[in-house]
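So you know, we letter chains A, B, ... as the sequences are listed, proteins then strands, and number each from 1. Note that the structure is predicted; figures quoted are calculated from it, not measured.
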Amino acid sequence: MEYDFRNIEANWRKKWAHDESYKVTEDTNKKKFYVLDMFPYPSGAGLHVGHPLGYIASDIYARYMRHKGYNVLHPMGYDSFGLPAEQYAILTGQHPAKTTEQNIARYREQLDKMGFSYDWSREVRTSSPEYYKWTQWIFGLLFNAWYDLDSNKTRPISELIEKFEDNGSYGVNAHMDEDWWKTYLLEADHIFSSHFEGEFTDTDWKSMSQAQKEALLMNYRVSYLADSLVNWCPALGTVLANDEIKDGVSERGGHAVEQKKMRQWSMRISAYSERLISDLDTIDWPDNIKEIQRNWIGKSSGARVRFQAEKEVTIEVFTTRPDTLYGVSFLTLAPEHESVEVLTTAEQRDAVADYVSNSKLKTERERMAEKKISGVFTGSYAQHPLTGDQVPIWIGDYVLAGYGTGAVMAVPAGDQRDYDFAKHFNLEIKNIFAESDLSEKAETSKEATLANSDFLNGMNYYAAFDAVCERLVELGAGEKRVNYRLRDAVFSRQRYWGEPFPIYYENGIPRLINTEELPTELPDVDAYLPTESGEPPLARATNWERNGMPMECNTMPGWAGSSWYFLRYMDPNNHSVFASEERIKYWGQVDLYMGGAEHATGHLLYSRFWTKVLFDLGYIPFNEPFKKMINQGMILGRSSFVYRIKDSNTFISFERRKEFETQRLYADISLVDNDKLNIEGFKNWLPEYANAEFMLNENGEYTCGWEVEKMSKSKYNVQTPDELIEKFGADTLRCYEMFLGPVEQSKPWDTKGISGVHNFLRRFHRLFLENETFSVSSEEATAAEMRVVHKTIKKITEDLERFSWNTVVSACMIATNELTDLKCNKRQALEPLVVLLSPYAPHLAEELWKNLGHSTSVMNESWPVAENKYLEEDNFEYPVSFNGKTRFFLSLPVGMSAADVEAQVMAHESTAKYLEGKTPKKIIVVPKRIVNVVM
RNA sequence: GCCCGGAUGGUGGAAUCGGUAGACACGCAGGACUUAAAAUCCUGUGACCAUUGCGGUCGUGUGGGUUCAAGUCCCACUCCGGGUACCA
């Protein structure tokens with residue numbers, strides 16, 4: 001009876017499904033543990049061997065925690081809204097829901113074959129109305145919320161309205177766009193006086209019309225509609241969030257992106273910047289992800305400084321180096337800066353208009369690519385707040401409108417860009433450093449001593465920072481300021497296949513649809529494209545209205561549904577709330593989150609944001625979603641190549657390829673074994689190779705070349721799990737993917753080693769066989785056998801506790817080898833090993849467990865405990881080294897004192913030889929580790 | 001440019017607290033079984049020198065340092081991977 005993995009695996013899969021073995025229910029008598037995988041987008045290509053890497057690791061951990069007695073929540077679902085299904089729909093006219101359905105079926109089939117312990121009764125799909133009903137509901141929560149800076153919390157908008165009724169805006173400290181009030185001064189129907197700077201009284205509030213109130217509240221809402229500068233991608237026909245852009249082009253497709261002012265929904269994530277940074281300290285995530293998030297949020301400490309310009313204009317700048325204030329020789333405004341027009345003098349009008357319109361034409365990418373220094377003088381001056389000097393105001397596109405105030409104080413002495421700008425336009429470079437040579441470049445060190453800086457002379461950055469900020473406060477010309485790079489997130493997409501907003505417009509005022517009426521279902525459309533007039537696809541729907549009032553035509557971005565899905569798994573079929581309070585309380589945070597690092601600035605940031613909102617509003621008792629996270633590395637492909645002699649149909653083996661001029665062509669990796677080409681298979685692969693001739697190597701084989709690349713169809717290097725499961729079984733594949741190396745590490749896929757792992761499972765299986773039939777002995781195991789077992793229990797338990805999945809497989813191999821050598825077939829020794837192996841090879845473990853005579857599943861067995869009595873050894877084999885070089889071994893009793901060990905070593909016959917007649921200076925004895933004789 | 005990782009045999013990797021570097025596996029070489037092959041089993045396998053046996057020297061990207069002892073800690077550098085950027 002060989003290891004018949006095909007039958008074993010098929011049978012157990014069937015039985016698990018039939019028994020609903022992995023269904024989990026809330027049980028307050030048991031401790032909970034929540035193991036989660038980042039749910040996949042079900043693409044048409046299906047899974048390749050790289051995808052399940054993280055799933056296998058988390059599944060092993062989930063099974064391990066079950067053995068340890070935890071009630072484990074281990075669900076799976078699909079992030080099923082997304083662009084590929086929509087693009088396929090545009091091409092074929094097929095509804096994206098149908099494509100999605102088919103892809104999900106394929107994914108499920110592949111996932112099932114792997115033997116995962118998912119509770120499929122809890123599956124969620126972000127595109128199902130049952131699910132997105134609650135995504136819409138959460139959108140509503142954010143819409144009906146504002147951010148209170150006093151309590152540092154998200155609060156219901158109703159509280160804000162009460163405050164307005166009582167005392168207007170006085171006493172309200174809300175997070176909002178700093179310049180929000182300026183738009184009110186530009187509007188035709190002035191509701192506030194021209195002195196309005198954001199404060200209004202309860203009388204003002206009460207005198208407003210409903211529409212005016214709503215418009216005002218929009219400045220406070222956490223989810224708000226505003227005209228904002230967005231990243232517009234013409235090729236994709238939609239706006240994109242900052243995290244969907246890489247290197248200035250769209251992450252998906254690599255299309256150009258331009259800045260455009262559009263009326264869009266946004267999320268006030270910037271209000272949460274500080275918490276998103278500081279709470280990173282409370283979670284156990286990989287350092288690099290934390291670092292990426294810190295950089296993305298981009299906290300920088302500095303100061304705001306106000307310069308009084310002509311025509312009653314105040315230019316406010318943000319600087320991280322207020323200590324260099326005396327070095328300011330000009331100001332630079334972004335071309336989009338609001339004061340550009342007012343400050344431009346008549347003489348400069350044409351030049352400025354030219355420059356501004358020119359830079360508007362350029363995309364951000366073009367501006368970045370063009371390293372040329374450009375700028376133009378406005379003709380105006382501003383007064384330096386400390387010296388009173390008049391400094392010229394310039395415009396330059398190296399200043400970004402979206403960061404800080406869109407204006408900088410230029411200190412050529414202390415900033416390289418300012419320096420370059422000054423050199424280029426021949427502007428003044430004031431040396432404000434005592435010992436710095438500015439003939440070549442700026443002095444950017446914070447250690448440099450200041451000079452020509454009045455009361456700051458002799459100080460460096462660290463001393464001068466506070467001193468200058470104090471002075472600025474006294475003068476009312478500035479103050480310390482922390483600035484964040486993180487911008488509010490655009491939440492509208494001009495797409496079909498996404499969540500519709502639960503919003504309709506009453507006379508242009510956005511209104512939220514009541515919870516009872518949700519979900520707002522995605523309407524049918526005749527085509528999945530924008531309308532002729534450029535409206536999003538939803539505008540094509542007939543009846544896309546509510547009581548005659550138009551519905552919002554944008555849909556939500558991909559990250560909406562994925563920002564809270566981990567909560568829905570807790571209570572996936574609840575029709576009255578997104579998840580019940582008791583269940584959220586029971587399951588709590590995700591204890592182990594497994595997924596790719598590529599979501600660092602998207603999904604992982606947005607879920608933290610939504611979690612904080614739900615926490616603030618009292619819906620969940622924790623403010624971070626994922627307590628611990630591990631990122632699995634990417635598995636790369638290993639492409640194979642054949643070498644065709646130019647202008648022929650003859651292929652030459654890799655070793656001899658230099659003999660001719662050859663062309664390197666991909667060969668499908670399924671035709672290559674150990675870099676040796678299956679020649680017949682290759683001929684049958686593509687018609688053009690049917691008559692191919694081969695020049696072989698000296699062993700009569702055709703060797704292929706290879707290269708490590710990303711897996712892709714066009715490179716013929718995609719390894720699907722299906723083929724390997726067919727050939728070796730899921731248990732082998734599970735063990736092998738773990739055996740490849742640390743999960744976090746990226747590594748090339750190489751099928752070479754899989755036979756070794758398969759072999760190990762066969763050898764393990766064979767421990768239970770005698771004369772080809774299942775047979776174990778009930779004799780008591782020997783001390784040596786028990787030592788192997790308990791050593792293995794200890795090792796595997798420690799390895800799993802530190803998430804070292806790969807070394808567990810080695811430990812199992814070692815145990816199998818040792819017990820095979822001991823010819824051990826005793827139940828007492830083998831039973832615990834079956835439990836140890838079951839997280840890795842669940843099918844085989846179940847089969848052996850059943851054959852051992854158990855009627856219950858091995859998955860519920862408690863985890864074996866290593867007992868010291870089996871591990872203790874009487875003697876320790878001391879490596880004895882001389883000056884650090886190990887020379888011989890000496891077996892001594894474990895309990896022997898250091899002094900006795902030293903004496904034994906000195907008495908040893910070999911010692912004299914290695915001492916070479918010298919007297920030891922010192923003898924280091926580390927009990928149960930090493931002896932080192934220093935000469 | 002800045003920030004964060006990493007570099008160990010022919011290959012993937014192990015070495016958890018500074019304490020025997022190379023576990024485990026692949027590959028390769030040799031052998032057993034076989035008419036043969038597959039499968040299986042056994043032996044060897046970091047490099048160099050020695051080899052009749054003992055053995056010896058070197059060795060974890062490079063150079064330096066700390067230590068009785070360094071893959072592990074410190075300093076400088078090289079290369080590779082990831083993130084990010086006219087961010088003031």
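- Backbone-only engagement by A:R763 is indicated by non-hydrogen atom pairs under 4.0 Å involving sugar-phosphate atoms exclusively.
- Residue-level contact check: A:D418 touches neither bases nor backbone, having no heavy atom under 4.0 Å from any strand.
- Across all strands shown, A:D799 has heavy atoms under 4.0 Å from base atoms, whether or not it also approaches the sugar-phosphate.
- Contacts classified as salt bridge (charged side-chain N to carboxylate O under 4.0 Å, His left out) and involving residues 734-746 of chain A (residues at least two apart or in different chains) are given here: A:D59-A:R734.
- Using a 4.0 Å heavy-atom cutoff across all strands shown, A:V408 reaches at least one base atom of the nucleic acid.
- Residue-level contact check: A:Y878 touches neither bases nor backbone, having no heavy atom under 4.0 Å from any strand.
- Below 30°, between 30° and 60°, or above 60°: for A:F421 and A:Y398 the angle between ring planes is between 30° and 60°, a tilted geometry.
- A tilted orientation is assigned to the rings of A:Y3 and A:H765, their planes being inclined by 30° to 60°.
- Proximity note for A:R887 (side chain, C-beta onward) versus B:A88, B:U57, B:C68: the nearest is B:U57.
- At the heavy-atom level, A:Q416 lies nowhere under 4.0 Å from the strands shown.
- Between B:G82 and A:N631, no contact under 4.0 Å exists linking OP1 or OP2 to a side-chain N or O.
- Distances shown here put a side-chain N or O of A:R766 below 4.0 Å from the OP1 or OP2 atom of B:C41.
- For A:K795 against B:U16, a side-chain N or O and a base N or O form a donor-acceptor pair under 3.5 Å.
- Within the structure, a side-chain polar atom (N or O) of A:N759 is placed less than 4.0 Å from OP1 or OP2 of B:U40.
- Taking for each of A:G406 and A:I924 the nucleotide of RNA chain B with the nearest heavy atom, the 5'-most of the two is the partner of A:I924.
- If you check every strand for non-hydrogen atoms under 4.0 Å, A:Y914 touches sugar and phosphate atoms only.
- A:P286 comes within 4.0 angstrom of no nucleic acid atom, judged by non-hydrogen atoms across all strands.
- OP1 or OP2 of B:G27 has not a single side-chain nitrogen or oxygen of A:K752 nearer than 4.0 Å.
- Residue A:R487 is out of contact with every strand shown, counting any heavy-atom pair closer than 4.0 Å.
- Residue-to-nucleotide proximity on RNA chain B shows that, of A:I292 and A:F889, the 5′-proximal contact is made by A:F889.
- Distances shown here put every side-chain N or O of A:R762 at or beyond 4.0 Å from the OP1 or OP2 atom of B:A39.
- Under the side-chain hydrogen bond (donor to acceptor under 3.5 Å, both in side chains) criterion, A:E902 pairs with no residue at all, not counting sequence neighbours.
- Listed nucleotides B:A23, B:A21, B:A14 differ in distance to A:T886; the shortest reach to its side chain belongs to B:A21.
- Within the nucleic acid shown, A:N883 has no heavy atom closer than 4.0 Å to any nucleic acid atom.
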Base-pair string, RNA chain B, Watson-Crick plus G-U, cut-off 3.5 Å on both distances, | for inter-strand, is (((((((..(((......[....)))((((((.......))))))((((.....))))..(((((..]....))))))))))))....
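- Using a 4.0 Å heavy-atom cutoff across all strands shown, A:N932 reaches at least one base atom of the nucleic acid.
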